[in-house]
Amino acid sequence: MLRLTSFRTGQPNYEPADEVSLDDDPGRGGCPSADGGAPAGCCLFTRTLVQPATGAARGYDNVRWRPRPVSMTRRKLPIGMQTFREIRESNCYYVDKTAYIGRLLDEGKHYFLSRPRRFGKSLFLDTCKELFEGNEPLFEGLAIHDRWDWSARHPVLRLSFGSGHFKEPGYLHKEVMDQLQILEEESEVVAHHDAAPARFRHLIRTLHQRTGRPVAILVDEYDKPILDALDAPEVARANRDFLRGLYAVVKDCDAHIRFSFITGVSMSLQPGSARGYPSHETASKVSLFSGLNNLKDITLNPRYSAICGYTDVDLDTVFAPELGGLDRDQVRDWYNGYSWRGEDKVYNPFDILLLFDTREFAAHWFETGTPTFLVDTLFSRRVSSLALDGMLSTAELLSTFDVDDMPTEALLFQTGYLTIERPEPRGAEMFYRLGYPNREVRQSLNRSLLNRMTGDASRPVAHSARLYDLLLVNDFPGLAALVESFFASIPYEWYTNNDIASYEGFYASVFYSYFAGLGLDVVVEDSSSHGRLDMALRFNGNVYLFEFKVVELAPEGAAIAQLKAKGYAEKYRDRGEPIHLIGVEFSKEARNLAAFDVEQA
């Protein structure tokens, strides 16, 4: 007997409209066309045997599809829940990710996934745990249910580094030994090993031999012992070396393992690439996984781009009862936008659940973890805030994980403060244009940068409120005075032994961060046929075009002259809105405003 199964790539909400009758010809597979009722690329529909479905699935088409009905029954919001059983047994909303597990099993054995914090990695691992342990009632009605052999129960070993004091020398070894002891007690395995890798190896082999079933290995927050100790490099390197030996056990015990899945924030892979596709998907080049060269990194695999997080379709179907009273476009603007090369951009689940609970648009995700290390790194490297939105990178650079020298692009991307906006192929190399994923991150990160600069969070708050009020009435003399206050609030010590005052980008960064921190519609280095404009602002039916210059002391009028000479206003004339040219000049000696020239274009 054959049965229909839908394997999601991000939009699961279609079902067959007719009874399906299949002959022995599996067809050519793929997604149903738009003519059949489902948008191209939304799903991969396959037919599989009802018997244990662990082999490759075969596809078919020529079936009419219809949207699945949307339930308007309200459920509990799974805020803070990371256990699959609790969510399923507590009548909570659940976005079905189980078809991804089926695909993983069809396509390989050892996997790695990087996603930012609070993106659902732990829940996905716990779902895998319950599946391999054969807890069938939890999977009723889910995509994987009818294609899983529920008579086969596999031992599961799960390690988690989500909590602990990993800055302390030797703590990691104690933590791993404690976790292994708990696993041994649960499975009634006796071990007499002083080294964690040997103990781990013994546990895997014993469980396989005892049950006759290969083991599932799940590792959560694999990199946290390193990330937590980045400001203590010796400890970070020691933790890295210890973990390298522990993870190498997965390769040594390959014959005893059915499936392994390792997750974390930092990416493991440093691949070569051609048009954006890694020349290989193994982690053989990475120091941490140097012994585990059969690990497949799916972080930037488009087919797994929505394996964690919620899509727009998920919100419109699974969470439909919660959308009442919320502006759908505002939800997208605030929280959508994360991309790992897939067609669908995704939401951070934590943001969405808090939005539905509080009914308020706020920086829910950002506020759960202050990016102090990130902000300090950006300042120490003199990274302009204007440069963040529009950085160019490669897959190799984005996936770098180096304890001693983490590239800025990789740090921002892996922690979720920048995302992939679009691919840009150039010759045989694929580049990626990065940008802020959404309003929440853009506003919050720029506020953090301002707080770091002034050393007093109250000053940027007062300045931002005043900036908004002045823009509403186009009070340009007031704006000039406020800009002087911006720079006067930066402590003198900030400039000591630092020639940053000579850089135009420093002044422009402060300027931009105030506007971006308010969530205003700001574009930096806006291109036209005449050149690149420093900054454009659209607000309250007006267009403001800014050019920044640094002068020795006295104003020179160069900024306003360039705005007029380059004809930057021409690009905006068809909007029919007032256009204001604003030339801003900063004095290198006074370290403050030298000129604030305003003309109507």
Open item on the list: T311 vs D314, test: side chain to side chain donor-acceptor pair (under 3.5 Å). Steps then yes/no.
Closed with: CA-CA 5 Å; T311 66; D314 293 331; 3.1 Å; yes
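In this structure, Y338 and F119 have perpendicular ring planes: the angle between them is above 60°, well past the 30° mark. The aromatic rings of Y111 and F259 sit tilted, their planes meeting at an angle between 30° and 60°.
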Expected list for residues 159-172: side-chain donor-acceptor pairs under 3.5 angstrom, two or more places apart:
unit_1	atom_1	unit_2	atom_2	d
S160	OG	G162	N	3.4
K167	NZ	D231	OD2	3.1
Y171	OH	E175	OE1	3.4

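A distance-only check finds a donor-acceptor pair linking the side chain of T368 to the backbone of W365 [under 3.5 Å].
By the salt bridge (Lys or Arg N to Asp or Glu O under 4.0 Å) test, D254 pairs with K109, sequence neighbours left out. Residues meeting the salt bridge (Lys or Arg N to Asp or Glu O under 4.0 Å) test with K76, sequence neighbours left out: none.
Residue Y93 forms a side-chain hydrogen bond (donor to acceptor under 3.5 Å, both in side chains) with just one option from R74, E322, R75, and that option is E322. In summary, of the residues considered (H154, R258, H256), a side-chain contact (heavy atoms from CB on, under 4.5 Å) with R213 occurs for H154 alone.
Look at R158 and D126 and you find a salt bridge, because one of the NZ, NE, NH1 or NH2 atoms lies within 4.0 Å of a carboxylate O, short of that distance. With respect to the salt-bridge test (charged N to carboxylate O, under 4.0 angstrom), the residues E107 and R303 qualify. The pair E130-R88 fails the salt-bridge criterion, with no side-chain N (NZ, NE, NH1 or NH2) lying under 4.0 Å from an Asp/Glu carboxylate O. Classification of K121 and D220 as a salt-bridged pair fails, no side-chain N sitting under 4.0 Å from a carboxylate O. A salt bridge is absent between R103 and D106; no separation between the charged side-chain nitrogens and carboxylate oxygens falls under 4.0 Å.
P321 has its side chain out of reach of T73: every pair of non-hydrogen atoms, C-beta onward, lies at least 4.5 Å apart. Residues F361 and E440 form no side-chain contact, since every pair of their non-hydrogen atoms from C-beta on lies 4.5 Å or further apart. Residues V383 and M391 are in side-chain contact: their nearest non-hydrogen atoms beyond the backbone lie under 4.5 Å apart.
Surrounding CD of E188 are at most 12 heavy atoms belonging to other residues, nucleotides or ligands under 6.0 Å away.
Residues F319 and Y310 bring their aromatic ring centres within 6.0 Å.
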